[in-house]
Amino acid sequence: MPLADAVMFAANNLFGNAKIDPAATGRGNAPKVPLVIDPLVDGVSGYQTIATEGIEARITELVKARYPQFDLQPFTTATLAKGPMLFVGTFTAVHADGSNKPGKDWHRVCLALVDLRTGLIVSKGFARAAMDGVDMTPTAFFLDSPAWAPDPATQGYVRTCQGTKAGDPINPAYYDRIMAAAMINDAIIAYEKGFYEEALDIYRGVLRLPGGDQLRVHNGIYLTASKLNRRDEAAQAFARIVDFGLAQNQLGLKFLFRPGSTQFLPDPQISGPYHMWIAQLSRQTAQRTACLEISGHTSRTGPEPLNERLSLMRAQYIKQRISTAAPPLGKRTTAIGKGSSQNLSGLGTDDARDALDRRVDFAVKDCPA
């Protein structure tokens with residue numbers, strides 16, 4: 001279906017099949033059931049995008065127009081403390097067979113309604129959306145974020161929606177971090193409005209909370225400190241990004257290269273911090289005893305044999321830079337090229353919007369005997 005139709009189909013199934021008894025859920029005779037939306041994400045990258053923002057806006061309008069039994073409230077720690085119904089959702093480009101392998105043919109709309117008082121999923125909604133008219137460009141915070149890594153909090157959100165059914169429990173990795181997620185959302189909003197001091201204060205506060213050790217927090221501290229020209233704090237935040245990614249055994253850094261080249265883009269606004277990135281990566285990795293596999297990636301545009309060769313050359317270039325910064329790492333690093341086989345966004349725009357697909361990955365490996 002076209003995107004708008006698919007969203008309405010999934011959302012109407014979700015709300016239409018939701019059996020909510022205010023007395024049974026401990027809400028007494030409340031005239032309306034409080035409902036909070038945790039912003040929807042791309043099911044592969046975990047990023048918020050132009051498309052997921054549009055889906056949330058459509059669902060908000062639908063609830064106000066057709067489901068007056070719900071009282072929409074903001075996604076804040078104060079509203080979460082009252083135990084509302086919680087709406088989550090993913091929007092994922094998938095292959096014709098429904099998998100995430102290369103070659104995307106349609107989008108999966110997956111919606112879930114969960115009860116924070118019982119910890120259970122109340123209802124699900126699902127639809128297939130056509131590829132046309134979908135803008136998967138990341139929103140500003142995610143577009144600016146320098147690094148990507150598997151994050152248990154984001155993975156828990158996605159798994160609460162995907163592969164579940166009504167009556168299943170909320171994924172515990174998400175459930176345990178919901179309060180932190182609300183504060184992170186406030187910080188992202190402040191960052192995207194240009195309120196960098198406010199955003200930095202929130203990120204610092206989240207980092208001190210249980211469940212605050214999240215990639216979005218480390219990226220956020222790095223970005224806001226950089227915007228405020230606090231170089232020492234930005235460097236410390238980037239070191240935490242490296243540690244976080246290596247602990248998850250996959251750290252993707254968005255090094256942007258000249259088209260068809262192993263040289264960084266000459267724009268100092270983009271590539272200016274790369275020297276610091278490499279220095280922190282080298283320093284944090286040198287403190288470990290394991291080996292490091294460096295893999296280059298490219299977007300899906302261009303012939304794949306050329307993409308594989310180019311991605312290998314870029315990985316070799318980063319290996320060289322790391323070995324120069326920390327010579328002992330020379331024998332503990334290997335370089336490989338993945339071409340476009342592991343794209344996360346699949347945009348194919350070959351600019352900052354799909355930098356995630358042209359990342360360089362770092363994975364901890366056992367050293368050969």
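Residues take their numbers from the sequence shown, with the count starting at 1.
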- [ ] Give a yes-or-no answer on whether the side chains of Q214 and D151 include a donor-acceptor pair shorter than 3.5 Å.
- [x] no
Task: Atom of N343, atom of R300 and distance for their closest heavy-atom approach - done: OD1-N, 3.4 Å
Open item on the list: Which residues pass the ring pair (Phe, Tyr, Trp, His ring centres under 6.0 Å) test with F238, not counting sequence neighbours?
Closed with: Y222, W277
- [ ] Please identify each residue that fulfils side-chain hydrogen bond (donor to acceptor under 3.5 Å, both in side chains) with K165, with sequence neighbours left out.
- [x] D168
Task: Results of side-chain hydrogen bond (donor to acceptor under 3.5 Å, both in side chains) for Q250 - residues two or more places apart only - done: D361
TODO: Tell me, please, which residues at least two apart from A6 pass side chain to side chain contact (heavy atoms under 4.5 Å, CB included).
DONE: M1, V109, A127, A129
Open item on the list: Is any side-chain heavy atom of T60 closer than 4.5 Å to one of I37?
Closed with: yes
Task: Smallest separation among heavy atoms of A51 and M136, with atom names - done: CB-SD, 3.7 Å
Task: V134 and I50, any side-chain heavy atoms less than 4.5 Å apart - done: no
Task: Plane angle bin for Y174 and Y157 - parallel if under 30°, tilted between 30 and 60°, otherwise perpendicular - done: perpendicular
Task: Partner set under side chain to side chain contact (heavy atoms under 4.5 Å, CB included) for R231, not counting sequence neighbours - done: N229
TODO: Each residue besides L306 in its hydrophobic cluster should be listed here, by chain and number; the cluster joins Ile, Leu, Val, Met, Phe, Trp and Tyr at side-chain heavy-atom distances under 4.5 Å.
DONE: none
Task: Those residues that, when tested against S145, pass side-chain hydrogen bond (donor to acceptor under 3.5 Å, both in side chains) (two or more places apart) - done: none
TODO: Give the C-alpha distance, both sets of side-chain angles, the deciding distance and a yes or no for side-chain contact (heavy atoms from CB on, under 4.5 Å) between I221 and E233.
DONE: CA-CA 8 Å; I221 294 175; E233 186 168 8; 4.1 Å; yes
TODO: Would you list the pairs meeting disulfide bond (SG atoms under 2.5 Å apart) in which at least one residue belongs to residues 122-189, sequence neighbours left out?
DONE: none
- [ ] Would you tell me whether H297 and N307 have side-chain atoms, one donor and one acceptor, within less than 3.5 Å of each other?
- [x] no
Task: Sole residue of Q162, H107, R108 in side chain to side chain donor-acceptor pair (under 3.5 Å) with T92 - done: Q162
- [ ] Would you check if the distance from the ring center of F255 to the ring center of Y317 is below 6.0 Å?
- [x] no
- [ ] Sequence neighbours left out, what passes side chain to side chain contact (heavy atoms under 4.5 Å, CB included) with Q269? Give chain and number order.
- [x] D267
Task: T139 side chain to E53 side chain, donor-acceptor N/O pair below 3.5 angstrom - done: no
TODO: State which residues pass side-chain hydrogen bond (donor to acceptor under 3.5 Å, both in side chains) with N171; sequence neighbours excluded, sorted by chain then number.
DONE: none
Open item on the list: Measuring only between side-chain heavy atoms, which start at C-beta, is L200 closer than 4.5 Å to R204?
Closed with: yes
Task: disulfide bond (SG atoms under 2.5 Å apart) partners of residues 333-369, not counting sequence neighbours, each pair once - done: C291-C367
Open item on the list: Name the residue from I178, D115, L113 that meets the side chain to side chain contact (heavy atoms under 4.5 Å, CB included) definition with L86.
Closed with: I178
Open item on the list: Could you tell me if the side chain of L344 sits less than 4.5 Å from the side chain of R359, heavy atoms only?
Closed with: yes
Task: Polar contact flag, side-chain donor to acceptor under 3.5 angstrom, T333-K319 - done: yes
- [ ] Could I get the full list of side chain to side chain contact (heavy atoms under 4.5 Å, CB included) partners for R58, not counting sequence neighbours?
- [x] L3, A4, V7, M8
Task: Geometric class of the Y47/F142 ring pair [parallel <30°, tilted 30-60°, perpendicular >60°] - done: tilted
- [ ] Report the relative orientation of the aromatic rings in Y67 and F15; use parallel for angles under 30°, tilted for 30 to 60°, perpendicular for over 60°.
- [x] tilted
